[in-house]
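Please read the structure below before turning to the comments.
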Amino acid sequence: MNIKRWYQGSLRRKLTFIYSALFGLIILLVAGAVYFSIKINAERSVAGELNSSVAAFERLWTMSAAHMESNADVLAADFGFREAVATEDIETIASAISNAQGRLEGQSVGVAFPDGRFVTADGRETQLPDDVYQALLETDRPSGVIQFEDKHYQSVAVPIKAPTLAGWAFFWSELDSVRMTQLEQLSAIRVTAEIRPDDRAPGADNSFFKTRDAIGASQSIQSFTGSDTVSLFITYPMEAAMAPYRPMMLAILVFSLFGAALLVVSGGIVARSLTRPIGALDRAVQALASGSRHPVEVTTQDEFGRLAQSFNSMLGDLEAREAAIVQMSREDSETNLANRRAMNDDLQAQIAAGETPRIAVIRVMRFRNVRAAIGHAAAAQALSLLARRISAFTDGATPYRISAADVGLILSVDGPFSSPEALRRLVIACSQPATVGDASVDLLLCCGVTDADAGRGAPIGPIDQAVVAADFAEKCQNAVARFDLKEYGNPAATLSLMSEMLTAMNGSGLVLHYQPKFGLSENCVTGFEALIRWEHPERGRIFPDDFIPIAEETGHIRQLTEWVVTQAIEDQRILKLKGFDLPISVNVSGRQLNEESFALWAIGKVKSSGAKLCFEITETAVINDPEKALRIINLFRSTGIGISIDDYGAGLSSLSYLKQIPANELKIDKSFILTLTDGPSDQLMIKSTIDLAHAMGMSVVAEGVETEQAMALLKVMGADTAQGYFISKPQPLPMMLEFLRADTMQRESA
Amino acid sequence: MKNPSKMLTALATFLCVLIGPATAEKATFMVSDASGNPVKDAVVMVAAEPGAPPVTFSWPLEMKQENLTFAPYVLIVPAGADVKFPNFDKVRHHVYSFSKGNKFELKLYGKDESRSVKLEKAGIAAIGCNIHDTMVAYIRVVDTPYAAKTGADGKVVLDLPTSAKIATVWHPDALPTETKVILPAARTVPVPVTLKIKKHEH
């Protein structure tokens with residue numbers, strides 16, 4: 001469809017084509033009309049001529065018949081002839097006939113006797129054809145055309161009376177080519193005359209007919225015998241009819257073609273002049289679309305000119321608006337200070353120019369609180385004030401408001417304001433309270449700084465580095481802090497770690513190890529704690545402390561916990577099959593205690609599998625939303641899941657929480673157990689803790705049992721369960737099974 | 001007396017009638033056409049047997065030309081008789097006949113002139129006038145005394161011998177011109193003859 005595209009792609013082509021097509025069509029119609037009217041005219045005039053030819057023929061026919069008849073009458077009246085015929089004197093008859101024939105050009109004579117015998121000029125006697133004889137008998141003076149041996153003859157017959165019928169005098173003349181030629185010559189137009197049998201329906205008298213290339217008229221000729229139908233056909237070739245008009249039609253054709261060519265050319269010219277301004281406009285718009293701005297030349301006063309003017313003014317508006325937008329994009333809407341984008345642009349410009357500036361971010365600490373206290377508008381005003389101060393201090397450096405609480409600066413490395421000392425002074429100087437409206441607002445500032453080239457290769461840009469540095473300064477409560485790549489770490493790597501963790505969950509990277517809990521009174525293993533181990537294909541073993549806190553931050557802890565629960569249930573089933581029906585403890589973070597959906601899921605899992613599980617939680621786990629957490633804990637307890645308070649004694653402890661949490665087990669943190677053998681005060685503390693736990697209805701697990709001594713002591717103190725390296729380090733399930741078997745065997749043999 | 005021969009013939013006939021045998025009988029013929037109309041000028045003939053009386057007729061043996069017409073239309077003459085052709089018209093006539101055996105020509109002769117022609121052959125002589133195409137008549141040349149023509153009433157009476165069995169009826173305009181009629185034994189009743197007459201070509 002290239003043609004279609006070619007045609008539609010240009011107005012000029014369209015116009016030219018349309019004009020030409022239209023004109024072509026008109027010419028065609030006119031030529032067609034002319035041709036047809038000429039043809040009809042020619043036919044009509046030919047028909048007229050044919051008509052007169054036919055009429056002439058009729059006249060001639062009648063005249064020639066009359067002529068022959070009168071000749072025949074003359075002969076038939078001759079006494080001597082009559083005598084010869086009446087007496088059947090063949091010789092005399094023949095000589096009289098030939099004499100008559102000699103007198104008459106083109107006519108032949110014969111005598112027929114009443115019995116049908118026929119005598120010709122050569123004296124020969126023949127018999128008349130039957131139908132001719134019948135005609136003689138039936139008609140008085142028969143006249144008409146006789147068809148004999150493929151030739152046609154005009155004939156007349158008159159009776160010879162002497163005094164009664166003695167015979168007939170027969171006159172005929174052949175309708176030969178000479179006759180036809182004579183007839184043809186009578187016509188004004190060159191016709192072809194022909195006499196031939198007519199097998200058309202009777203009544204087709206004097207009718208017009210048309211063949212493929214001729215027009216003609218026919219006239220039926222009276223037959224001598226009244227039986228045959230013979231007609232005269234006069235035809236005129238259409239070619240000849242149209243011939244005189246051919247030059248005219250040729251002239252029309254030539255002029256039409258010429259006119260069409262002229263029109264195509266002139267149409268093209270006109271179209272081009274019309275569409276040139278459109279083309280210019282079109283090009284300008286295309287240029288605009290691709291980014292370049294070219295006003296259109298205004299050449300005319302008409303619609304195109306006005307269009308061009310409008311376009312140009314629009315272009316101007318566009319430029320102005322674009323400038324405004326660019327301007328706006330560089331401004332912070334609240335304070336009209338330059339914004340982060342502006343800072344970035346300016347920084348990039350300086351870097352591109354080969355400079356290595358220093359970037360400082362001055363943060364208003366606890367800005368959110370300030371804003372909550374005095375309102376957005378006032379807070380913004382305060383920040384504006386600060387920015388002015390900073391700018392004034394740094395001799396007019398441009399302050400950029402890069403976020404709500406941060407003001408950025410681009411300083412030159414060698415400048416007077418870029419050293420840490422100078423920045424410290426800046427911080428102190430600008431920390432004066434700001435007056436907003438009637439109130440005075442305290443501004444506590446810190447500053448993060450980085451060099452444009454220092455952090456090259458860092459995962460974040462220089463401005464972000466400065467912001468991170470400011471975060472650090474805020475955290476450490478320092479006035480100024482520098483960006484430290486190591487300190488920052490590699491959060492991106494951390495994120496990828498999480499996705500790797502998820503992959504490991506699906507694969508075999510993550511595995512549960514089990515550390516047995518040894519019942520001190522039962523003297524055997526009474527349960528297990530499930531611990532995650534991660535063998536990373538590239539990084540090697542990654543410890544839970546390295547990824548669990550991150551998982552808690554990102555929310556992946558949920559999936560992890562679910563995986564652990566599922567895995568633990570499965571492993572417990574295996575253990576049960578092997579004959580060891582022991583509960584498994586799983587660590588659950590505080591976040592899960594705030595998710596009802598997790599609770600329901602876990603409960604469902606436990607119920608459907610009939611597993612014996614215990615959830616180990618820390619006290620601080622409930623801090624976030626105590627009510628909800630306790631509700632969920634109670635839910636777990638009601639379905640038979642054990643609750644164990646983990647790391648008791650380390651970190652924050654709250655007796656009130658201890659009271660509320662319906663735990664059935666308390667795990668004393670290993671830091672206490674490790675120092676157990678050091679002195680009585682530790683032992684006393686542990687003893688009282690055990691008593692306290694027992695008093696509250698909880699059994700006690702001592703973590704970090706590494707010596708026999710410690711274990712013995714704990715047993716004496718009343719601890720219920722011991723867990724530690726002395727019993728076993730955490731091992732994968734198959735090895736734990738081995739351990740259990742060995743242990744069982746040992747006990748049985750003992 | 002104009003025609004002494006006529007007189008003689010009449011006398012002879014009378015004598016024949018007187019002395020003739022009583023075997024002659026009168027027979028009446030009624031000739032009519034297909035529509036029942038009487039036919040005039042129909043010639044009834046019976047062939048003569050040896051011993052028949054000589055052929056003579058009572059009527060004059062002449063073909064007149066008056067009022068540019070031949071009269072009578074049909075004339076019966078004995079073979080070998082002289083037939084007169086008197087012209088009573090003011091104009092001349094050129095009388096002719098090309099009939100076989102009786103061919104003759106009487107070139108232009110005028111009023112009050114007469115010619116005569118001997119017609120030898122028994123048969124039909126069609127008479128015409130070269131000048132006047134409409135003048136046509138017929139002379140029936142017979143060789144039997146038993147011949148007569150019908151009158152306007154279509155009737156004719158003939159004295160025929162009892163031995164006569166077949167009669168021939170001839171009329172120039174009949175189709176066919178000759179018809180044979182079988183004579184009944186009893187001659188009391190007229191013999192009816194029906195001829196098909198074609199249109200007169202006069």
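Naming convention: chains lettered A, B, ... in sequence-line order (proteins, then strands); numbering from 1 in each chain. Note that this is a predicted model, so its numbers are computed, not measured.
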Does [X] [atom1] have over 12 foreign heavy atoms under 6.0 Å away?
X	atom1	value
Phe88(B)	CZ	yes
Leu108(B)	CG	yes
Arg141(A)	CZ	yes
Ile182(B)	CD1	no

| said: Pair Tyr138(B), Thr164(A) - check side-chain contact (heavy atoms from CB on, under 4.5 Å), show working. | reply: CA-CA 10 Å; Tyr138(B) 296 85; Thr164(A) 51; 2.9 Å; yes

| request: Describe, in one word, how the ring planes of Tyr96(B) and Phe79(A) are oriented to each other, choosing from parallel (under 30°), tilted (30 to 60°) and perpendicular (over 60°). | output: perpendicular

| said: Please report the interatomic distance NZ(Lys103(B)) to CD(Glu83(A)), rounded to the nearest 0.5 Å. | reply: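 Those atoms lie 4.0 Å apart.
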
| Val136(B) to Pro163(A) - nearest heavy-atom pair and separation | CG2-CB, 3.8 Å

| Residues two or more places apart in sequence or in another chain: which of them pass salt bridge (charged side-chain N to carboxylate O under 4.0 Å, His left out) with Asp213(A)? |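 Expected list: none.
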
| task | Name the region of Asn130(B), side chain, backbone, both or neither, that has any atom closer than 4.5 Å to a heavy atom of chain A. | result | both

| Criterion side-chain contact (heavy atoms from CB on, under 4.5 Å) on Lys161(A) and Asp133(B), from CA distance to verdict | CA-CA 8 Å; Lys161(A) 298 253 180 83; Asp133(B) 292 329; over 6 Å; no

